Amino acid sequence: MKKKHIITIIVAILASVVAVCLWVGWPAIGRMFQADTHIAPTAAEIMSVMPRGELYVATAVVEDYTTDHATEYHLGIIPEQHSCALVMRQKVSFVIDMDSIRYDITAPGHVLVTLPQPRYVASTQEVRFLSDDEAFWKERRPSTVDMKSQVANQIQSRFDNAQNRNKAIIYAQEAIIHLLQRLDYDAEFRPMATRTIEG
């Protein structure tokens, strides 16, 4: 009986010793089977972590309108003036194509960035056609495509100007600077992309 008791104690001690050895030595055992790899920072790394797609750097909601006027003659001699208006609301933005941004590493931790010109985009949110006589304008103007095109051009001319483009470039630069700082890079921009805001 005592002999079985002693064997149990010896087995328990051996199990404890093996467990402690494995716990202490396991990291060293793992390192023995790992290849000695050293990852050095390279110029290619910055391209692999750059975001893809489009960067919206300036957005606004703009509403504009156009009108049309016409005269209807009753009995061929009695004139009646008619008018209508088309009101359009668009969400307009400047977009930078992230895939077109060029990064040149000129020194360790320093990147020369070339931004593409911002691209104007617009999406129509709402169109309203208002008139004094629906039946008259339905016959007189079966399509409002030309009016929509005119208002879209008016909205673009209001938003897509030198001042707003300069702001968009500055906002894009700020976003790229922030991104590169997180990767431990200092950014410098080519002169073609740096403009001052007018007014």
Side-chain angles (χ1 to χ4, degrees), residues 26-66 86-128 144-199:
W26 189 256
I29 293 168
R31 282 193 297 272
M32 285 171 49
F33 293 101
Q34 285 181 347
D36 186 19
T37 12
H38 176 68
I39 300 176
T42 64
E45 283 184 23
I46 190 170
M47 294 305 297
S48 65
V49 296
M50 285 296 101
R52 301 295 182 188
E54 296 178 328
L55 174 66
Y56 284 73
V57 289
T59 300
V61 175
V62 182
E63 188 171 275
D64 210 333
Y65 70 95
T66 187
L86 185 135
V87 184
M88 180 186 289
R89 180 181 297 134
Q90 286 190 327
K91 183 178 181 180
V92 293
S93 308
F94 283 117
V95 176
I96 296 287
D97 181 9
M98 298 294 281
D99 295 333
S100 299
I101 298 176
R102 181 177 161 190
Y103 305 94
D104 296 307
I105 298 180
T106 55
H110 189 270
V111 184
L112 184 61
V113 182
T114 305
L115 288 178
Q117 286 296 322
R119 179 168 47 88
Y120 172 83
V121 295
S123 64
T124 301
Q125 306 291 300
E126 183 184 4
V127 177
R128 301 190 308 276
T144 57
V145 171
D146 59 330
M147 296 180 80
K148 290 176 184 175
S149 178
Q150 181 182 338
V151 178
N153 290 336
Q154 290 171 195
I155 291 174
Q156 180 173 0
S157 65
R158 283 175 56 188
F159 184 76
D160 188 2
N161 54 49
Q163 181 177 344
N164 285 345
R165 279 186 169 271
N166 290 338
K167 287 179 183 177
I169 290 171
I170 290 171
Y171 298 155
Q173 289 176 346
E174 290 173 353
I176 297 299
I177 286 170
H178 179 68
L179 176 65
L180 291 174
Q181 281 176 344
R182 294 173 63 185
L183 300 171
D184 294 325
Y185 283 95
D186 292 322
E188 179 187 349
F189 293 87
R190 291 191 187 277
M192 56 86 63
T194 50
R195 301 178 185 175
T196 51
I197 299 173
E198 300 169 3

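Please read these numbers as outputs of a predicted model, since none were measured by experiment. FYI, side chains are in, hydrogens and waters are out, and symmetry mates aren't considered; it's all heavy atoms of this structure. Numbers here are sequence positions counted from 1.
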Tell me the closest heavy-atom pair linking [X] and [Y], and the distance in Å.
| X | Y | value |
| --- | --- | --- |
| S157 | Q154 | OG-O, 2.8 Å |
| P118 | I169 | CG-CG1, 3.7 Å |
| A172 | I96 | CB-CG1, 3.9 Å |
| F159 | A58 | CZ-O, 4.1 Å |
| A152 | Q90 | CB-NE2, 4.0 Å |

Close side-chain approach of [X] to [Y], heavy-atom, < 4.5 Å:
| X | Y | result |
| --- | --- | --- |
| F94 | N164 | yes |
| T59 | K91 | yes |
| S123 | Q125 | yes |
| R190 | L112 | yes |
| K148 | L86 | yes |
| M98 | L55 | yes |
| F189 | T114 | no |
| D64 | R89 | no |

Partner residues of E54 under the salt bridge (Lys or Arg N to Asp or Glu O under 4.0 Å) criterion, sequence neighbours left out: R119
Distance-only donor-acceptor check, side chains T124 and E126, under 3.5 Å: no
Heavy-atom neighbours of Y120 OH exceed 12 at 6.0 Å: yes
Stepwise side-chain contact (heavy atoms from CB on, under 4.5 Å) test for I155 and V92: CA-CA 8 Å; I155 291 174; V92 293; 3.8 Å; yes
Side chain to side chain donor-acceptor pair (under 3.5 Å) against T144, all qualifying residues, sequence neighbours excluded: none
Just how far is it from atom [atom1] of [X] to atom [atom2] of [Y], taken to the nearest 0.5 Å?
| X | Y | atom1 | atom2 | result |
| --- | --- | --- | --- | --- |
| M88 | R128 | CE | CZ | 11.0 Å |
| D97 | Q117 | CG | CD | 13.0 Å |
| Q150 | D146 | CD | CG | 7.5 Å |

SB check D104 R102 (cutoff 4.0 Å): yes
Salt-bridge contact R158-E63 (side-chain N to carboxylate O under 4.0 Å): no
side-chain contact (heavy atoms from CB on, under 4.5 Å) between I105 and H110, worked out: CA-CA 6 Å; I105 298 180; H110 189 270; over 6 Å; no
Can you give the donor-acceptor pairs under 3.5 Å from side chains of residues 174-183 to other protein atoms, not counting sequence neighbours?
none

Identified side-chain contact (heavy atoms from CB on, under 4.5 Å) partner of V151 from the options V87, T66, V62: T66
Under 3.5 Å donor-acceptor, N166 side chain and A162 backbone: yes
